[in-house]
A.B. asks: 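One structure coming up, written as structure tokens, with questions to follow.
Just so we're clear, the structure is a prediction, and the values are computed from it rather than from any experiment. By convention in this document, chain letters (A, B, ...) are assigned in the order of the sequence lines, proteins followed by strands, and residues within each chain are numbered from 1.
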Amino acid sequence: MRYSRLLIPTLKEAPAEAQVASHVLLIRSGYMRKVAAGIYSLLPIGLRVVKKIEQILREELIRSGAQEVLLPMVHPAELWIESERFQKYGPELLRLKDRKQADFVMSPTAEEAMCDLVRRDVKSYRQLPLNLFQIQDKFRDEMRPRAGLMRGREFIMKDGYSFHSTVEDAQREYHNMFDAYVRIFKRCGLEFRAVEADTGAIGGSMSHEFQVLAESGEDSIVSCSKCDYAANVEKAELRRQAPAASAPAAAIEEVHTPGKGGITDVVEFLKEPIDQFVKTLVYVADGKSVIALVRGDRDVNELKLKAVIGAEKLELATEKTVFEVTGAPIGFAGPQGRSVPVFADLEVAAIASGITGANKKDYHVRGFHLGRDVPAAKVVDLRVAAGGDNCARCDGGSYRPYRGIEVGHVFFLGIKYSKPMKCNFLDGDGQEKPMVMGCYGIGVTRIAAAAIEQNHDQDGIKWPMALAPFQVEIVTAGKEPELAEVAEKLEQALEQAGVEVLYDDRDERAGGKFKDADLIGIPLRVTVGKRGLAEGKLELKTRGQKEAEWVAIDAVASELQRRVAQALGRA
RNA sequence: CGGGGCGUGGCGCAGCCUGGUAGCGCGUUCGGUUCGGGACCGAAAGGUCGGAGGUUCAAAUCCUCUCGCCCCGACCA
């Protein structure tokens, strides 16, 4: 492919709107352009990357027994009303009306549409199992789209759904898909972890996220230093070792802390270690107020709290409710003497002489002791796991913290959707039953962004071979016709050998071509220059490596072919 | 949705506080010199200053409203 014929509008300066590396580079390097917030056009090389990713997904999923279909992007509202998600999904679901004022939605996911497809044509256990996937644009009207392709509103997602006659078979397929995902992300050249995850609004009982490790990731995960347990912090279990409750060390006494509501303010003001503070948070669970206590340096894991209470809905109390419960503004709450249920984290019980709010504006208390001052408190695991915590699954291991970008998610759904959608089949015993389902998603465009987050430097992108829009770039350094001649011959030889090659034939100075080549991030670069040509050699350089090598002209094509194959793991 | 910020040629920005009719760098076009890590010289094209209303002799600049975009937070198959 000739560079001069491609639209690759690179920019010398970073666009003002972009903050994270992948966003900056995708725009600077001419891969995409913004159309509206969270909505982008893919340019030629951007689309090539997406097609590469899609192809890997297709190959691995089909190899695993899944079949590709394509459902509509616009779904009739009836389907979403059937599953009750039309009401429950919230403003993220983009709703539209047609000319007859009938309701439709732009699909953010396709459980309903897929169930609808299957229930019409699949009636017997003999037709199961079935695993159907599609690669399609999705739309989610995010409150805050950000970071380019990482969290767009319109994005490309692979979503797959499997249908089974038994739970066991659905579980088998869950593991089958899990294995396929591992192969997929390995082939994409990504460093990732499969982590246990919360099932969220989609429901179900078993779930893993595939997280690409990157500092800029939105998710926090922990991974055991010793065993293979890894989990999203939303989900991560903690060792059930109740630290011994200590005896009270001091009498409770009020201290004046004018205007120091926030935990960091009080810590700074009182000059005590943060782990001697008790954070008191008021929540409303199914309409009733509760108090949750964690150490000052910890966070409440709301999922754990919800589970302990057995609540359907849980949210932080408003300022008004906090005042009703504590008699003080936010920032001065304490659990002592309150009439609502108190749930305390294990660590809070170990504090002998803590500091917490006095339930009085501008006052805290010292000498707080949970067992003495709030005897009715339930002591449970309530906090978010953090780096350094002991592993819940093995002895001696501890958690290492990572940031992750979620690129894939597998769910065991059970009959959450098949039941309300009446996606039933006739079993061998003559009984009609809802199908047991699994669902499996991969963010296609997000993979591109994640790959860049993991593979870039100051000069630009460093694509893994499998995702690069081209595998080799040829640059001529100079205008002599013999350089172009050699370059053209090499281009032909590589194309014949099945190597994807970009030939920069532009009438530009060598420096400019090199800069663009680094920016675009093609893994292998060949420079045709008169210095080397005089000796019958070409300069071969790997993106990201400092020194170049000189290879005899005749050997270059086969050498490149070999390296590409090697990088793709097919050597 | 709460908080903060920004909208000025294609891109990055200055000008705004203290109103006087728009400027810089990059890019683009033309001519010339250059030619292996974003060259130089000379010419040129290109802007309803996000939009609407208001104040004023006069508005990019002041006021009101509105739209868009970015960041932090809350939220999230």
Side-chain angles (χ1 to χ4, degrees), chain A residues 9-20 23-24 27-28 30 33-39 80 83 85 88-93 105-114 138-148 150-153 155 157-161 197-204 207 209 218-219 232 234 302-303 314-316 318-319 406 408-411 413 416-417 437-443 446 458-460 475-480 483 504 506-519 525-533 538-539 541 546 548:
Chain A
T10 59
L11 303 172
K12 281 189 179 176
E13 289 179 273
E17 69 196 42
Q19 311 295 319
V20 301
H23 190 191
V24 170
I27 292 175
R28 260 198 81 191
R33 287 293 183 261
K34 185 173 75 177
V35 176
I39 301 178
W80 286 70
S83 69
R85 283 164 102 194
K88 287 183 182 170
Y89 208 100
E92 209 175 290
L93 182 64
V105 308
M106 280 292 231
S107 167
T109 170
E111 283 80 5
E112 289 83 356
M114 203 64 89
K138 297 291 185 297
F139 196 95
R140 290 180 194 174
D141 200 356
E142 295 272 353
M143 290 180 198
R144 184 150 98 83
R146 68 188 99 172
M150 288 248 264
R151 182 171 287 264
R153 291 195 291 175
F155 56 98
M157 183 168 88
K158 186 287 296 187
D159 51 327
Y161 308 84
D198 180 61
T199 48
I202 212 170
S207 166
E209 289 168 351
E218 291 186 291
D219 292 334
N232 194 305
E234 291 174 355
E302 295 183 3
L303 295 162
L314 179 82
E315 51 191 8
L316 263 174
T318 57
E319 188 152 6
E406 181 190 351
H409 206 153
V410 294
F411 287 92
L413 283 182
K416 183 178 160 76
Y417 291 92
M437 290 177 64
C439 90
Y440 320 97
I442 290 182
R446 192 180 271 186
Q458 288 193 327
D459 296 322
V475 173
T476 46
K479 292 193 173 176
E480 292 74 5
L483 300 184
D504 192 345
R506 291 175 303 166
D507 185 16
E508 292 287 333
R509 298 158 60 85
K513 293 187 188 179
F514 292 146
K515 287 289 182 191
D516 276 338
D518 287 347
L519 208 47
R525 190 183 86 198
V526 188
T527 305
V528 183
K530 35 186 189 292
R531 289 214 295 262
L533 221 52
L538 300 182
E539 182 186 319
K541 192 167 175 296
K546 271 212 148 161

A.B. asks: Can you tell me how far C1' of B/rU29 sits from CG of A/D507, to the nearest Å?
C.D. replies: 15 Å
A.B. asks: If you measure from the P atom in B/rC41 to the same atom in B/rA58, how many Å do you get, rounded?
C.D. replies: 44 Å
A.B. asks: Starting from P on B/rC76, measure out to CZ on A/R446 and report it in whole angstrom.
C.D. replies: 15 Å
A.B. asks: Expressed as a whole number of Å, how far does the C1' atom of B/rC30 sit from that of B/rG46?
C.D. replies: 15 Å
A.B. asks: Name the pairing partner of B/rU61, where a pair is Watson-Crick or G-U wobble with both distances under 3.5 Å, or state none.
C.D. replies: none
A.B. asks: Among B/rG25, B/rC76, B/rC13, which is the nearest nucleotide to the side chain of A/E92?
C.D. replies: B/rC76
A.B. asks: Taking OP1 and OP2 of B/rC71, is either one under 4.0 Å from a side-chain nitrogen or oxygen of A/R144?
C.D. replies: yes
A.B. asks: Can you tell me, in whole Å, how much space there is between the C1' of B/rC17 and that of B/rC76?
C.D. replies: 42 Å
A.B. asks: Searching all strands shown, indicate the nucleotide that pairs with B/rG38 (Watson-Crick or G-U wobble; both distances under 3.5 Å).
C.D. replies: none
A.B. asks: What is the distance from CD of A/E13 to C1' of B/rA14, rounded to the nearest Å?
C.D. replies: 13 Å
A.B. asks: In whole Å, measure the gap between the P atoms of B/rA74 and B/rG2 for me.
C.D. replies: 16 Å
A.B. asks: Hey, does the side chain of A/R33 reach the backbone of A/I27 with a donor-acceptor pair shorter than 3.5 angstrom?
C.D. replies: yes
A.B. asks: Which distance, rounded to the nearest 0.5 Å, do you find between the OG of A/S107 and the CE of A/M114?
C.D. replies: 9.5 Å
A.B. asks: Can you check the distance between B/rA14 and B/rG25, where both ends of the measurement are the P atom (answer in whole Å)?
C.D. replies: 16 Å
A.B. asks: With a 3.5 Å limit on both atom pairs, tell me what B/rG73 is paired to, counting Watson-Crick and G-U wobble, or say none.
C.D. replies: B/rC1
A.B. asks: Can you find a donor-acceptor N/O pair under 3.5 angstrom joining the side chain of A/R151 to the base of B/rC76?
C.D. replies: yes
A.B. asks: Say you draw a straight line from CD of A/E539 to OG1 of A/T527; how long is it, rounded to the nearest 0.5 Å?
C.D. replies: 4.5 Å
A.B. asks: Just name whichever nucleotide pairs with B/rC11, Watson-Crick or G-U, keeping both distances under 3.5 Å, else none.
C.D. replies: B/rG25
A.B. asks: Please produce a list of atom pairs where a protein N or O lies less than 3.5 Å from an N or O of nucleotides 67-69 of chain B.
C.D. replies:
residue : atom : partner : partner atom : Å
B/rC69  : OP1  : A/A37   : N            : 2.9
B/rC69  : O3'  : A/K34   : NZ           : 2.9

A.B. asks: So what's B/rG46 paired with, Watson-Crick or G-U wobble, going by both distances under 3.5 Å?
C.D. replies: none
A.B. asks: Please give, in whole Å, the distance from B/rC72 P to A/E142 CD?
C.D. replies: 14 Å
A.B. asks: What is the per-nucleotide protein-contact pattern of nucleotides 32-38 of chain B, from the 5' end, where B denotes a base atom under 4.0 Å from a protein heavy atom, S denotes such proximity for sugar-phosphate atoms only, and - denotes neither?
C.D. replies: --BBBBB
A.B. asks: Between A/Q19 (CD) and B/rC6 (P), how many Å, whole number?
C.D. replies: 14 Å
A.B. asks: Determine the interatomic distance between C1' on B/rU61 and the same-named atom on B/rC16; round to the nearest Å.
C.D. replies: 4 Å
A.B. asks: Measuring only between side-chain heavy atoms, which start at C-beta, is A/Y440 closer than 4.5 Å to A/K158?
C.D. replies: yes
A.B. asks: So, A/R28 side chain and A/L519 main chain: donor-acceptor pair closer than 3.5 Å or not?
C.D. replies: no
A.B. asks: Is there a donor-acceptor contact under 3.5 Å linking the side chains of A/K416 and A/S83?
C.D. replies: no
A.B. asks: Tell me if a side-chain donor or acceptor on A/R153 pairs with a main-chain N or O of A/D141 at a distance below 3.5 Å.
C.D. replies: no
A.B. asks: Regarding A/T109 and A/E111, do their side chains bring together a donor and an acceptor under 3.5 Å, going by distance alone?
C.D. replies: yes
A.B. asks: Between A/E218 and A/R146, is the closest basic N to carboxylate O distance under 4.0 Å?
C.D. replies: yes
A.B. asks: Applying a 3.5 Å limit to both distances, which nucleotide forms a Watson-Crick or G-U wobble pair with B/rC6?
C.D. replies: B/rG68
A.B. asks: Using the P atom on both, measure B/rC65 against B/rC57 and round to a whole Å.
C.D. replies: 24 Å
A.B. asks: Looking for any heavy atom pair under 4.0 Å, which part of the strands does A/A14 touch: base, sugar-phosphate only, or nothing?
C.D. replies: sugar-phosphate
A.B. asks: Write down the distance separating the P atoms in B/rA59 and B/rG53, rounded off to the nearest Å.
C.D. replies: 13 Å
A.B. asks: Within the distance-only criterion (no hydrogens, no angle test), does the side chain of A/R506 pair as donor or acceptor with the backbone N or O of A/K513 below 3.5 angstrom?
C.D. replies: no
A.B. asks: I'd like to know if the side chain of A/Y161 reaches the main chain of A/A110, judged simply by a donor and an acceptor atom lying under 3.5 Å from each other, with no hydrogens or angles considered.
C.D. replies: yes
A.B. asks: Nearest heavy atom decides the nucleotide; on that basis, is A/P15 or A/G38 closer to the 5' end of RNA chain B?
C.D. replies: A/P15
